[in-house]
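Before any comments, here is the structure.
All of these numbers come straight from a predicted model, not from anything done at the bench. Computed from heavy atoms alone, side chains included, the values below leave out hydrogens, waters and symmetry copies.
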Amino acid sequence: MSKSALTIWHNPRCSKSRQTLQIIEDSGVEPTVVKYLETPPNAEELKAALAKLGISARDLLRKGEDEYKALNLANADLSEDALIEAMAAHPKLIERPIVIKGDRAVLGRPPENVNELL
C-alpha cells in the first residue's frame, strides 16, 4: 500500500464508515485513520472540514442523537459557531465518515462518494 495524504474521521461501529474505509483500502491507499469519537476534532478542525465539504454546520449534525434533542440544536437561532462548539464537545453529533484530502473533503454517505478523492 502507498501512503497518501488521505484522512478519514472514522467510527468503527458505523457500517457506512467501515464501507468507506474498505473502498479506500481496496484502492491501495493507506489513509490516516482518526477515530474521532476517541480523538474529537476541535472547533477549528471542524470549521476547516466544513469549508472543505462545502456544507454548513447544521448539515453535518446527526439529528437523531440524544444530545441533539437535549441541547435543543434544532433551534434555528443557534449560530454556526454554537453548532460547531456542540459538535466539538459531543463528537457523536458529527455525521460520518468524513474523508479529507488536501483542500477537499467528502462525506461517505454513500460510501462511494470517497471515489471523488481517490
Side-chain angles (χ1 to χ4, degrees):
M1 282 195 208
S2 64
K3 284 276 186 189
S4 78
L6 203 74
T7 299
I8 180 170
W9 292 4
H10 179 58
N11 177 353
R13 298 185 64 176
C14 168
S15 64
K16 299 292 185 200
S17 195
R18 290 192 307 270
Q19 291 168 11
T20 301
L21 180 58
Q22 189 66 53
I23 290 171
I24 295 168
E25 291 175 341
D26 288 349
S27 76
V29 173
E30 185 179 327
T32 299
V33 177
V34 176
K35 294 181 181 173
Y36 71 94
L37 293 177
E38 298 171 12
T39 311
N42 62 32
E44 291 305 314
E45 292 166 325
L46 277 166
K47 285 180 185 176
L50 286 167
K52 293 174 184 180
L53 287 164
I55 63 174
S56 71
R58 189 163 298 282
D59 293 335
L60 194 60
L61 277 172
R62 292 178 55 82
K63 297 172 180 66
E65 299 294 335
D66 291 341
E67 289 87 347
Y68 182 82
K69 295 175 187 121
L71 298 170
N72 193 27
L73 297 178
N75 180 348
D77 293 335
L78 290 173
S79 69
E80 183 88 351
D81 284 344
L83 298 176
I84 289 169
E85 289 295 334
M87 288 189 281
H90 305 277
K92 280 177 61 178
L93 290 167
I94 302 170
E95 193 62 86
R96 63 194 178 237
I98 297 172
V99 182
I100 301 168
K101 182 178 184 181
D103 63 354
R104 298 175 54 210
V106 296
L107 196 55
R109 292 188 176 266
E112 292 76 16
N113 283 351
V114 74
N115 288 322
E116 295 176 30
L117 300 180
L118 297 176

- prompt: Pick from Arg58, Arg62, Lys16: which one makes a salt bridge (charged side-chain N to carboxylate O under 4.0 Å, His left out) with Glu95?
  reply: Arg62
query: Would you say the side chain of Arg109 lies within less than 4.5 Å of the side chain of Arg96, judging by non-hydrogen atoms?
result: yes
- prompt: Just wondering, do Val114 and Ile8 contact through their side chains at under 4.5 Å, heavy atoms?
  reply: no
task: Not counting sequence neighbours, which residues clear side-chain hydrogen bond (donor to acceptor under 3.5 Å, both in side chains) with Asp66? List them please.
output: none
- request: Could I get the full list of side-chain hydrogen bond (donor to acceptor under 3.5 Å, both in side chains) partners for Ser17, not counting sequence neighbours?
  value: His10
So, taking the atom named [atom1] in [X] and the one named [atom2] in [Y], what distance separates them when rounded to the nearest 0.5 Å?
X: Leu78; Y: Asn72; atom1: CG; atom2: CG; result: 6.5 Å
X: Asn11; Y: Leu37; atom1: CG; atom2: CG; result: 4.5 Å
X: Thr20; Y: Asn115; atom1: OG1; atom2: CG; result: 9.5 Å
X: Leu6; Y: Glu25; atom1: CG; atom2: CD; result: 10.5 Å
X: Glu65; Y: Met87; atom1: CD; atom2: CE; result: 12.5 Å
X: Ile55; Y: Leu60; atom1: CD1; atom2: CG; result: 4.5 Å

Lys63, NZ atom: more than 12 neighbouring heavy atoms under 6.0 Å: yes
Can [Y] be reached from [X] by stepping across I, L, V, M, F, W or Y side chains whose heavy atoms are under 4.5 Å apart?
X: Ile100; Y: Val106; value: no
X: Val29; Y: Ile98; value: no
X: Leu107; Y: Tyr36; value: yes
X: Leu53; Y: Ile94; value: yes
X: Val33; Y: Ile23; value: yes

On a heavy-atom basis, which atom in [X] and which in [Y] lie closest, and how many Å separate them?
X: Ala49; Y: Trp9; value: CB-CH2, 3.7 Å
X: Leu50; Y: Ser56; value: CD2-O, 3.5 Å
X: Glu45; Y: Pro41; value: OE1-CA, 3.1 Å

- line: side-chain contact (heavy atoms from CB on, under 4.5 Å) with Pro31: of Thr7, Val99, Ile24, only one passes, and it is Ile24
query: How would you list all residue pairs meeting side chain to side chain donor-acceptor pair (under 3.5 Å) that involve residues 73-85, not counting sequence neighbours?
result: Lys47-Asp81
